[in-house]
Number of protein chains: 4
Amino acid sequence: MPKVGMEPIRRRQLIDATIASMGEHGLADTTVQTISRGAGVSPGIIHHYFGGKDELLAATMRSMLVQLRSDVTERLAAAGPSPRARLEAIVDCNFAAGQFEPRVVAAWLGFWAQAPHNPALSRLQRINARRLHSNLRHSLRALLPPDRAERVTMGLAALIDGLWLRFALTGAMDGSEARAVALGYLDAELGA
Amino acid sequence: MPKVGMEPIRRRQLIDATIASMGEHGLADTTVQTISRGAGVSPGIIHHYFGGKDELLAATMRSMLVQLRSDVTERLAAAGPSPRARLEAIVDCNFAAGQFEPRVVAAWLGFWAQAPHNPALSRLQRINARRLHSNLRHSLRALLPPDRAERVTMGLAALIDGLWLRFALTGAMDGSEARAVALGYLDAELGA
Amino acid sequence: MPKVGMEPIRRRQLIDATIASMGEHGLADTTVQTISRGAGVSPGIIHHYFGGKDELLAATMRSMLVQLRSDVTERLAAAGPSPRARLEAIVDCNFAAGQFEPRVVAAWLGFWAQAPHNPALSRLQRINARRLHSNLRHSLRALLPPDRAERVTMGLAALIDGLWLRFALTGAMDGSEARAVALGYLDAELGA
Amino acid sequence: MPKVGMEPIRRRQLIDATIASMGEHGLADTTVQTISRGAGVSPGIIHHYFGGKDELLAATMRSMLVQLRSDVTERLAAAGPSPRARLEAIVDCNFAAGQFEPRVVAAWLGFWAQAPHNPALSRLQRINARRLHSNLRHSLRALLPPDRAERVTMGLAALIDGLWLRFALTGAMDGSEARAVALGYLDAELGA
DNA sequence: AATGAATGAGTCTTCATTCAT
DNA sequence: AATGAATGAAGACTCATTCAT
């Protein structure tokens, strides 16, 4: 069934299968076979479209990052200029249905664990962390004195990651609960 | 030169080498060879003392958990009955020198990523989470109304994990900063 | 844009690309891809025109053989009936610009190494060897007693191959030097 | 059947199996499997002792070179100071029973074809060529004027290689015939 | 005529594990 | 108690070949 113009379709298919496999087996047990079987194609196709497993993994992480970024951009645009609304928008992105989903969270966790030992993943991870940080800080500086803004930025960023992590590990939480905890922190720090 | 009483020495040696290897190469690239080479012994010895790699990994996680637990017990004993002091003690444990160390944090991260796909690790991880949760909740209930206590428990637990995670990923933080962020959260929530 | 009469053009194009690839990567690392890329066509085309890689390789060797043969025929015709002139003509062919060229010599070497394990190549190689042998012997018999003619035939044939080989391996020689060595041997044996 | 001190035994065994496989299948079709099967061991053992296939191939070529070198050294010592005797000794080495054997010659041919595309093999090949060249030239200079000595050096070296090559390709020759051709060349050049 | 998508067999390599010593 | 020789299954990757378009 060879067809023309399959490239974007196959790439998406393989990236989705990678996320699915990471959700099911973890990064360590995600092989070229688990991915290709999940996508319903032959193992060789991965090298045809990505050149190798490593590049597919990097492309997968990149794809998740792009998704997150476009969510944020969109919500920030809708949030208007109010700092409080912008902070809420950022929190909302991170716990929205698309991102806060077992498979996706497990994939992030796998990448996080591998990143310190893999330059490509590390770079992507750092870009993401910096962007979140910078978005939060920008709004918090409008609401708090500089040193507190800085501390709350770190806290809120860490809290978001921590809530993801606990979700990945226990599953005993849903997006709205996580959101409530994060916004509770925000209210407490802003109200003090 | 057969010696007696080598067992506890060798087990500790291998567990330490496992943590070191996880810090250096990550769980995915931690092999029986990297561990045994780090410990300066032959690969076969791992099976002699642990029966296999999996059991050594579980033993390593268990060992880190035991260490954390005894730290907490000790500090809680020293903290006295004051709920605020007890909460501080728990936070302190997590960011004390011994625990908040690159190798150890990387090892935790590796185990976290693997836990959802490995019953033994998952069990240990759950026990740890539950204990932290229960310790925090017990003290928070003395300071806050039940529903808020519950939410702050989740928040503080997630924040602690999130700070660890960011430390593992960026290294741009030390124990005292992390501690300040966590206690800042606590103060904000209690003060509100 | 289907064109007519593309067959001879494509076949030549692919054979040239095969020689080029063998010169650059060696036979072992000459793949359908290195060839088709060098020819600027798709990999599938090789099977269209040659039925497979093996047949293309055989066709390439055959083409080199045909080239050599026609050179020899032409030069022998020009050399006239003198045995000495005919021997010189044969030597000249082997070290003329077209044949004594890095890519071509490397291709020959690759085929030589493969021939003992490949019936098709072996057959071609044997035909070539026999023709050279017979050409040399025919002229040498006019100049030397039978047993010496036979030995010098073997010697001259081996010397020609050996000079090629050293050129392939070291490159530290050009056609005129090689020619001088071969003719020096001839003179020494004839003069003795 | 694990034993101690197997290293030298296994290394030799694997090198011999490599030569045998190259003789039977050619370098191109010599795989880790053909070698290990020939040696009666598992494929993994190659990486245990050589780190990989490439290093085994290089070790094999090195071993053949060492063998040739020690033969030459020994025969030259026995030949005494006479230049003619020394030249004969060198020729004899190359066509002695141990070296002039189908498997070994096929292995040399495989390495020759691969050398131009493989730095490690190329280096070994160059060392060998230089040594032969230098040995021949040293004795020839005692018998001929400089420029002729140089040309005969090239000729004799090429002739030796060419006789090997023809033996590899046709098998229609034995050591004593090859020896006679080479010495015939020498006599002709010296006698002229 | 020509492409390039897709396959699957085969290659090298890694690695946990076993076992004679 | 400890070694390290040896295995074999599994991994990523390559490549000649096929085939719908």
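Naming convention: chains lettered A, B, ... in sequence-line order (proteins, then strands); numbering from 1 in each chain. All figures in this text were calculated on a predicted structure; none of them were measured in a lab.
Partners of Arg123(D) according to the salt bridge (Lys or Arg N to Asp or Glu O under 4.0 Å) rule, which considers only residues two or more places apart in sequence or in another chain, do not exist here. In this view, Glu24(B) satisfies the side-chain contact (heavy atoms from CB on, under 4.5 Å) rule with no residue, not counting sequence neighbours. Under the rule for a side-chain contact (heavy atoms from CB on, under 4.5 Å), the partners of Ser63(B) that lie at least two apart in sequence or sit in another chain are Arg12(B), Ile15(B). Residues forming a side-chain contact (heavy atoms from CB on, under 4.5 Å) with Ala17(D) (at least two apart in sequence, or on another chain): Ile35(D), Ala39(D). Residues forming a side-chain contact (heavy atoms from CB on, under 4.5 Å) with Ala113(A) (at least two apart in sequence, or on another chain): Leu109(B), Ala113(B).
One distance of note links CG of Leu169(D) with CG of Asn128(C); it measures 10.5 Å at 0.5 Å rounding.
Within the nucleic acid shown, Val32(C) comes within 4.0 Å of at least one base atom, counting heavy atoms only.
Taking side-chain N and O atoms only, Arg10(C) has no distance below 4.0 Å to OP1 or OP2 of dA1(E).
Every pair passing salt bridge (charged side-chain N to carboxylate O under 4.0 Å, His left out) that includes a residue from residues 103-113 of chain C is listed here, sequence neighbours excluded: Glu101(C)-Arg103(C). Applying the salt bridge (charged side-chain N to carboxylate O under 4.0 Å, His left out) definition to pairs two or more places apart or across chains, those involving residues 44-65 of chain C are Glu55(C)-Arg62(C).
With dT13(E), dA16(F), dA5(E) as the choices, the nucleotide that has an atom nearest any side-chain atom of Lys53(D) turns out to be dT13(E).
Across residues 33-49 of chain C, His47(C) each have a non-hydrogen atom less than 4.0 Å from an atom of DNA chain F (numbered order).
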### Query
Pairs counted as Watson-Crick or G-U wobble with both distances under 3.5 Å: what dot-bracket string results for DNA chain F, using | for bases tied to another strand?
.||||||||||||||||||||
